[in-house]
Amino acid sequence: MELHTDSSVISILKEDETGGLEIMKGEEWLRVKPVADTLIINLGDMMQAISDDEYKSVKHRVKKKDRTRERHSVCYFVFPQRDCVIKSSNYKPFTYSEFEAQVQADFQYLGTKVGLHRFSPKSPLFL
Ligand SMILES: O=C(O)CCC(=O)C(=O)O
Ligand SMILES: [Fe+2]
């Protein structure tokens with residue numbers, strides 16, 4: 001799975017002992033060590049918005065060391081209600097439905113996720 005941020009508020013992950021999850025800290029990729037009976041909590045784009053960038057949506061990817069080994073993970077994504085308006089100082093007010101539609105449109109036309117930059121008046125990618 002390629003580099004991305006989750007659109008969620010939080011994501012709760014359980015990966016098996018195969019490992020492979022990596023998070024970006026600064027310019028560096030850090031491997032997340034699989035720990036038995038332990039859940040991983042990722043912060044997503046909606047957490048970044050509601051916290052006014054106090055918390056950042058983590059860039060992450062999955063890179064298996066051993067391509068021949070099967071890997072299993074379970075992800076539970078916590079999303080806001082679709083029509084709930086997300087208000088903050090750094091982003092224009094938007095609903096999760098609008099955010100999701102914009103992410104899909106960017107994927108379709110640009111082949112990539114632009115994400116919160118679309119909703120930030122300070123960003124050159126603001127719409
Ligand atoms: O499989 C994993 O550990 C993470 C998957 C993931 O990042 C996602 O589904 O958004
Ligand atoms: Fe993810």
Side-chain angles (χ1 to χ4, degrees):
M1 183 174 277
E2 295 304 318
L3 158 70
H4 67 283
T5 60
D6 294 343
S7 297
S8 54
V9 183
I10 61 168
S11 310
I12 304 168
L13 315 176
K14 176 74 187 85
E15 64 169 351
D16 66 15
E17 69 290 344
T18 316
L21 180 64
E22 298 182 356
I23 59 158
M24 192 175 247
K25 187 158 186 244
E27 301 288 296
E28 256 186 296
W29 283 107
L30 303 181
R31 294 183 74 83
V32 178
K33 191 175 149 201
V35 179
D37 304 324
T38 302
L39 299 173
I40 298 158
I41 312 292
N42 273 355
L43 305 186
D45 301 332
M46 294 304 105
M47 179 64 91
Q48 180 165 334
I50 61 179
S51 74
D52 261 332
D53 296 334
E54 188 69 29
Y55 296 113
K56 296 288 195 294
S57 181
V58 66
K59 292 190 179 88
H60 58 287
R61 68 183 181 187
V62 177
K63 279 245 150 133
K64 285 197 298 175
K65 258 198 204 149
D66 180 355
R67 283 174 167 270
T68 59
R69 221 171 131 186
E70 238 182 274
R71 174 182 185 271
H72 298 275
S73 67
V74 180
C75 309
Y76 181 83
F77 299 99
V78 180
F79 291 109
Q81 284 193 344
R82 304 184 62 79
D83 56 354
C84 159
V85 179
I86 293 158
K87 292 182 183 158
S88 60
S89 318
N90 294 342
Y91 302 96
K92 74 172 183 188
F94 64 90
T95 62
Y96 184 71
S97 293
E98 288 168 336
F99 184 83
E100 191 181 40
Q102 188 59 52
V103 168
Q104 277 174 8
D106 287 333
F107 257 122
Q108 196 173 341
Y109 296 111
L110 305 174
T112 191
K113 176 178 171 179
V114 179
L116 280 174
H117 299 296
R118 290 290 193 213
F119 298 85
S120 163
K122 288 184 207 139
S123 169
L125 298 167
F126 181 62
L127 282 180

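For ligands, and for the atoms within them, numbers begin at 1 and follow the listed sequence. FYI, side chains are in, hydrogens and waters are out, and symmetry mates aren't considered; it's all heavy atoms of this structure. Everything numeric here is computed off the predicted structure, so don't read it as measured data.
One side chain, Ser7 or Lys113, offers a donor N or O that lies under 3.5 Å from an acceptor on the other. Judged purely by distance below 3.5 Å, without hydrogens or angles, the side chains of Glu2 and His4 never pair a donor atom with an acceptor atom. In summary, the side chains of Tyr96 and Asp83 do not present any donor paired with an acceptor at a separation below 3.5 Å, with no hydrogens or angles considered.
Under the 4.0 Å criterion applied to side-chain N and carboxylate O atoms, Arg71 and Asp16 are not assigned as salt-bridge partners. A salt bridge does not link Glu17 with Lys33: none of the charged nitrogens is closer than 4.0 Å to a carboxylate oxygen. Look at Arg31 and Glu22 and you find a salt bridge, because one of the NZ, NE, NH1 or NH2 atoms lies within 4.0 Å of a carboxylate O, short of that distance.
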N/O pairs closer than 3.5 Å, ligand 1 and protein:
residue  : atom   : partner : partner atom : Å
ligand 1 : 1 (O)  : Arg71   : NH1          : 3.0
ligand 1 : 1 (O)  : Ser73   : OG           : 2.6
ligand 1 : 3 (O)  : Arg71   : NH2          : 2.7
ligand 1 : 7 (O)  : His4    : NE2          : 3.1
ligand 1 : 7 (O)  : His60   : NE2          : 3.0
ligand 1 : 10 (O) : His4    : NE2          : 3.0
ligand 1 : 10 (O) : Asp6    : OD1          : 3.1

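The aromatic ring centres of Phe119 and Phe99 sit less than 6.0 Å apart.
Taking the Fe ion (ligand 2) as reference, Asp6 places its N/O/S atom OD1 nearest.
Distances from the Fe ion (ligand 2) show that His60 has an N/O/S atom below 2.8 Å.
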